[in-house]
Peer 1: 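For reference, the structure I am asking about is given below.
Side chains are part of it too, since the values below use all heavy atoms of this structure and drop only hydrogens, waters and symmetry mates.
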Amino acid sequence: DERTMQIYQDFLGGLDEPHLHNLAFSVIENIATFPDHVTKWARQSRRSTVGILRVEAGSVPLKILRDLFDREKHGDSQHDSGRSGKAPRLREISRVARMSTGDVAGSSTMMFLTPQGVVVRPSGGGGVVVIVTGTVLASDDSILGDLYEIELAAVDACEEMLQGLTVQG
């Protein structure tokens, strides 16, 4: 979006590389295995899994996360290109502050780095969140995307899976 500007500033918060790796792959695992859990629940609840499987088969972001999870779980010894056909891998894992503005004209987010710490002043719906992200690469070293953005798209697919499944309490 041409009206959106994103600024990334490193916010490691004292975390070392192994901790960042664990944080990143915890989120990847939770999203990547969500379709399995929803499918299991649907079968146990005698509900159709057709919509779940359709969304899963059509979501490249979900396939990429599943491939990253499978590679982490089974090691780099996997020789196939996975569900995505891209044999993705994660590089440059980092923890950053992601600033955004709101949808309202004139909205803004200001961030000040002071000796006392970070001060954030959002206006009109803007804000800042600290995220763990990284660069997702294909086997040919082409960039597939930013991990956080891929995760958001995969979560959208997970939400789509739940459409049509009603839970009665």
Side-chain angles (χ1 to χ4, degrees), residues 1-39 51-103 107-111 118 120 122 125-164:
D1 182 324
E2 60 198 35
R3 295 178 295 150
T4 302
M5 182 175 91
Q6 296 179 357
I7 298 172
Y8 288 91
Q9 170 65 44
D10 186 14
F11 278 80
L12 289 174
L15 296 173
D16 59 13
E17 189 174 329
H19 284 101
L20 284 174
H21 182 91
N22 286 338
L23 285 172
F25 277 94
S26 292
V27 174
I28 290 168
E29 177 181 4
N30 283 308
I31 298 170
T33 60
F34 183 81
D36 298 338
H37 297 294
V38 173
T39 300
I52 298 166
L53 299 174
R54 177 189 49 78
V55 172
E56 183 178 21
S59 173
V60 173
L62 265 176
K63 290 177 186 180
I64 289 170
L65 292 183
R66 185 57 185 238
D67 290 347
L68 288 170
F69 168 68
D70 288 343
R71 184 182 202 118
E72 177 73 5
K73 183 177 178 184
H74 301 293
D76 284 339
S77 62
Q78 287 189 289
H79 298 292
D80 66 5
S81 56
R83 297 178 189 207
S84 68
K86 307 284 185 186
R89 62 192 192 286
L90 183 59
R91 297 292 183 261
E92 302 166 0
I93 301 171
S94 60
R95 187 171 179 251
V96 298
R98 184 171 191 236
M99 295 172 55
S100 63
T101 61
D103 295 336
S107 69
S108 65
T109 300
M110 294 183 286
M111 181 169 61
V118 177
V120 176
V128 63
V129 294
V130 177
I131 61 169
V132 174
T133 192
T135 303
V136 181
L137 302 174
S139 59
D140 65 358
D141 290 332
S142 63
I143 296 174
L144 296 175
D146 174 79
L147 176 63
Y148 182 73
E149 296 297 329
I150 291 170
E151 289 169 341
L152 290 177
V155 168
D156 286 344
C158 292
E159 289 175 351
E160 187 179 342
M161 285 178 189
L162 295 175
Q163 293 175 353

Peer 1: For K63, does the NZ atom sit with more than 12 other heavy atoms under 6.0 Å from it, leaving out its own atoms?
Peer 2: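 Buried by this count: over 12 neighbours within 6.0 Å.
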
Peer 1: With a 4.5 Å heavy-atom cut-off, do R95 and L15 have their side chains touching?
Peer 2: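 R95 vs L15: side chains touch.
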
Peer 1: Checking H19 against D16 for the side chain to side chain donor-acceptor pair (under 3.5 Å) test, could you report, in this order, the C-alpha distance in whole Å, the side-chain angles of both residues, the deciding distance, and whether it holds?
Peer 2: CA-CA 6 Å; H19 284 101; D16 59 13; 2.5 Å; yes

Peer 1: So, the side chain of T33 versus the backbone of E29: is there a donor-acceptor pair under 3.5 Å, distance only?
Peer 2: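 It does hold such a pair.
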
Peer 1: Grab the two heavy atoms, one from L144 and one from P88, that are nearest each other, plus how far apart they are.
Peer 2: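 The answer is CD1-CB, 3.8 Å.
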
Peer 1: Closest approach of L68 and F25, non-hydrogen atoms and distance?
Peer 2: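 Result for this residue pair: O-CE2, 3.6 Å.
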
Peer 1: Passes side-chain contact (heavy atoms from CB on, under 4.5 Å), Y148 versus V27? Steps please.
Peer 2: CA-CA 10 Å; Y148 182 73; V27 174; over 6 Å; no

Peer 1: Kindly compute the distance separating CG (D141) from OG1 (T135), expressed to the nearest 0.5 Å.
Peer 2: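 One gets 11.5 Å once the value is rounded to the nearest 0.5 Å.
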
Peer 1: Before giving the answer on side-chain contact (heavy atoms from CB on, under 4.5 Å), spell out for I143 and L137 the whole-Å C-alpha distance, their side-chain angles and the decisive distance to 0.1 Å.
Peer 2: CA-CA 5 Å; I143 296 174; L137 302 174; 3.7 Å; yes

Peer 1: Can you sort out the partners of D36 under salt bridge (charged side-chain N to carboxylate O under 4.0 Å, His left out), two or more places apart, ordered by chain and number?
Peer 2: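 For D36, the residues satisfying salt bridge (charged side-chain N to carboxylate O under 4.0 Å, His left out) (neighbours in sequence not counted) are R66.
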
Peer 1: State, to 0.1 Å, how close P61 and A154 come at their nearest heavy-atom pair, and which atoms those are.
Peer 2: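 Scanning both residues, the minimum pair turns out to be CB-N, 3.7 Å.
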
Peer 1: So do the side chains of M161 and L62 get within less than 4.5 Å of each other, counting heavy atoms only?
Peer 2: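 The answer is yes; the side chains approach within 4.5 Å.
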
Peer 1: T109 side chain to S100 main-chain N or O, any donor-acceptor pair under 3.5 Å?
Peer 2: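 Confirmed, T109 side chain pairs with S100 backbone.
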
Peer 1: Would you give the length of the straight line joining atom CG of L90 to atom CG of D67, rounded to the nearest 0.5 angstrom?
Peer 2: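 Going from CG on L90 over to CG on D67, the span is 13.0 Å.
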
Peer 1: Could you give the distance from CD (E17) to OG (S94), rounded to the nearest 0.5 Å?
Peer 2: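 If I round to the nearest 0.5 Å, the distance is 11.0 Å.
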
Peer 1: Measuring only between side-chain heavy atoms, which start at C-beta, is H21 closer than 4.5 Å to E72?
Peer 2: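 Side chain of H21 against side chain of E72, heavy atoms only: contact under 4.5 Å found.
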
Peer 1: In a check of side-chain contact (heavy atoms from CB on, under 4.5 Å) between L147 and each of I64, L65, I131, L152, which one passes?
Peer 2: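 When side-chain contact (heavy atoms from CB on, under 4.5 Å) is applied between L147 and each of I64, L65, I131, L152, only L65 qualifies.
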
Peer 1: Within this structure, what is the CD-CD distance for the pair E149 and E151, rounded to the nearest 0.5 Å?
Peer 2: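 Reported to 0.5 Å precision, the distance equals 9.5 Å.
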
Peer 1: Please check if the side chain of S142 supplies one atom and the backbone of A138 the other of a donor-acceptor pair under 3.5 Å.
Peer 2: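 No; zero donor-acceptor contacts below 3.5 Å.
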
